[in-house]
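To start, the structure under review is shown below, and the notes come after it.
Start at 1 with the first residue, then count along the sequence. Side-chain atoms are counted along with the backbone in the values below, which use heavy atoms only and exclude waters and symmetry mates.
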Amino acid sequence: ADIYAHIGDNEQALKLYENILGISAESSKVAKKIEQLKDGKNQQIFETVKSAEEGIAKALYDMALLLTREHNDESARVFAQMALYLAPNMTEAKFILANLAGRNGQENEAIDAFLSITNEADPERYVEAQRMAAEILEDEKRTDEAIKILIPLYKTYKDLDTLIQIGDIYRRQEDFRQAIKYYDMAEKELGPEVPDDYWHLYYVRGMAYEQMKDWPHAEHDLKKALTYRPEHPFLLNDLGYAWADQGTNLDKALELIEKAANLQPTDGYITDSLGWVLYRMGRYEEAVPHLE
């Protein structure tokens, strides 16, 4: 798709990008490419190599990438370091080194590698690198440091994913009021109609409201999320369980949880919810096998 876009065959590029959109882990990046193509913007995806050093560095990087995918981490690290020796600002090589360090339990090295990526060298991936460093810091229980990176990052770049990440950190720290504050800011930035890519904003905010015992707001957000993802088993389960817990909408709760159980028949939490809603309905004999 990138090659077609680069040579100006936008029709073929769009066809491929739209096929990718539903299955790619990087759907937001693909959506951005689609938007640019539809706006008639040229896609200069490939750059000319300007020197022998740059060309060799790219070749070394490609070797590092292949070795990384093969989990040949030590050799991948050597090739990535050689690429950086020839091209000190090569962002892709720094990402490889950071990811290799992270998956080998060298968290501080991974953080340093991500933070070594500067805005001047690569403004497009700088925000991503900062967010990934913050993610590792949170995993290391260094949440204050993570927030210290993310808040100025949002203020400077107005990146919505950064804003939601801040909310997620506060939610996982059980500071639900602060989490909702940042989720609300994200919703305001997105406008009256939240795009499909950000449907999960309603889900996580609904869960935060639920933890605060603010059920009217929680119910609103979970039901809204369900309009985007009516087949999402954990969303179906969460809303159904909450209704069952309160003893309301039990018939509807059972319908949602049964649907979730059909989608995820081996998930213990959903099976437990199925037993619970049947218990709340007084159907004890049916509830017992699920709970057992």
Main-chain N/O of [Y] paired to [X] side chain as donor or acceptor, under 3.5 Å:
{"X": "Q165", "Y": "R131", "answer": "yes"}
{"X": "R283", "Y": "L278", "answer": "no"}
{"X": "S273", "Y": "Y269", "answer": "yes"}
{"X": "Q173", "Y": "I169", "answer": "no"}
{"X": "R229", "Y": "W199", "answer": "no"}

Could you give the side-chain donor-acceptor pairs of residues 86-101 under 3.5 Å, partners two or more places apart or in another chain?
unit_1	atom_1	unit_2	atom_2	d
T91	OG1	D122	OD2	3.0
K94	NZ	S116	O	3.2
N99	ND2	F95	O	3.1

Would you say [X] and [Y] make side-chain contact, with heavy atoms under 4.5 Å?
{"X": "D9", "Y": "Q12", "value": "yes"}
{"X": "T227", "Y": "K223", "value": "no"}
{"X": "L150", "Y": "L153", "value": "yes"}
{"X": "I149", "Y": "L115", "value": "yes"}
{"X": "Q36", "Y": "K32", "value": "yes"}

Verify the distance criterion only: is there a donor paired with an acceptor across the side chains of [X] and [Y] at less than 3.5 Å?
{"X": "D238", "Y": "Y203", "answer": "yes"}
{"X": "Y157", "Y": "N119", "answer": "yes"}
{"X": "D161", "Y": "Y198", "answer": "yes"}
{"X": "Y241", "Y": "E210", "answer": "no"}

Fill in: R125 vs E128, salt bridge (charged side-chain N to carboxylate O under 4.0 Å, His left out): CA-CA, chis, key distance, verdict
CA-CA 5 Å; R125 300 207 72 186; E128 180 186 355; 3.2 Å; yes
Discussion item. Centre-to-centre under 6.0 Å for Y170 and F176, is that the case here?
Written reply: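 No: the rings miss the under 6.0 Å criterion.
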Worksheet item: What do the steps show when you test E18 against K33 for salt bridge (charged side-chain N to carboxylate O under 4.0 Å, His left out), and what is the final call?
Response: CA-CA 10 Å; E18 284 167 356; K33 290 179 180 182; over 6 Å; no
Worksheet entry | I147-I111 co-clustered via ILVMFWY side chain contacts under 4.5 Å |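 Hydrophobic grouping puts I147 apart from I111.
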Worksheet item: Are Y209 and Y228 co-members of a hydrophobic cluster defined by side-chain heavy atoms under 4.5 Å apart?
Response: no
Discussion item. Using a 6.0 Å cut-off, check whether atom NZ of K188 has over 12 heavy atoms from anything other than its own residue.
Written reply: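 Atom NZ in K188 is not crowded, with 12 or fewer foreign heavy atoms closer than 6.0 Å.
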Worksheet item: Between K224 and D221, does at least one N-O distance fall below 4.0 Å, as a salt bridge requires?
Response: no
Worksheet item: Should K252 and E255 count as an ion pair when the cut-off is N to O under 4.0 Å?
Response: yes
Report the residues that fulfil side-chain hydrogen bond (donor to acceptor under 3.5 Å, both in side chains) with [X], sequence neighbours left out, ordered by chain and then residue number.
{"X": "Y182", "result": "none"}
{"X": "D267", "result": "none"}
{"X": "D62", "result": "none"}
{"X": "K259", "result": "E231"}

Item to complete: Check the angle between the aromatic planes of F234 and H232 and answer parallel, tilted or perpendicular using the 30° and 60° thresholds.
Response: perpendicular
Worksheet item: In chain order, what residues pass the ring-ring contact (aromatic ring centres under 6.0 Å, His included) check against H200, with sequence neighbours excluded?
Response: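 With sequence neighbours excluded, H200 shows a ring-ring contact (aromatic ring centres under 6.0 Å, His included) to no residue whatsoever.
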Fill in: Audit row: N10, Y17, side-chain hydrogen bond (donor to acceptor under 3.5 Å, both in side chains) steps and yes/no
CA-CA 10 Å; N10 291 357; Y17 282 140; over 6 Å; no
Item to complete: Run the numbers on R172 and E138 for salt bridge (charged side-chain N to carboxylate O under 4.0 Å, His left out), then give the verdict.
Response: CA-CA 10 Å; R172 287 189 285 263; E138 185 194 359; 2.7 Å; yes
Fill in: Partner of R205 under salt bridge (Lys or Arg N to Asp or Glu O under 4.0 Å), chosen from D214, D168, D184
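With R205 as partner, D214, D168, D184 yield a single salt bridge (Lys or Arg N to Asp or Glu O under 4.0 Å), made by D184.
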Item to complete: Could you check Y61 against L84 for side chain to side chain contact (heavy atoms under 4.5 Å, CB included), going step by step and ending with a plain yes or no?
Response: CA-CA 9 Å; Y61 163 76; L84 277 177; over 6 Å; no
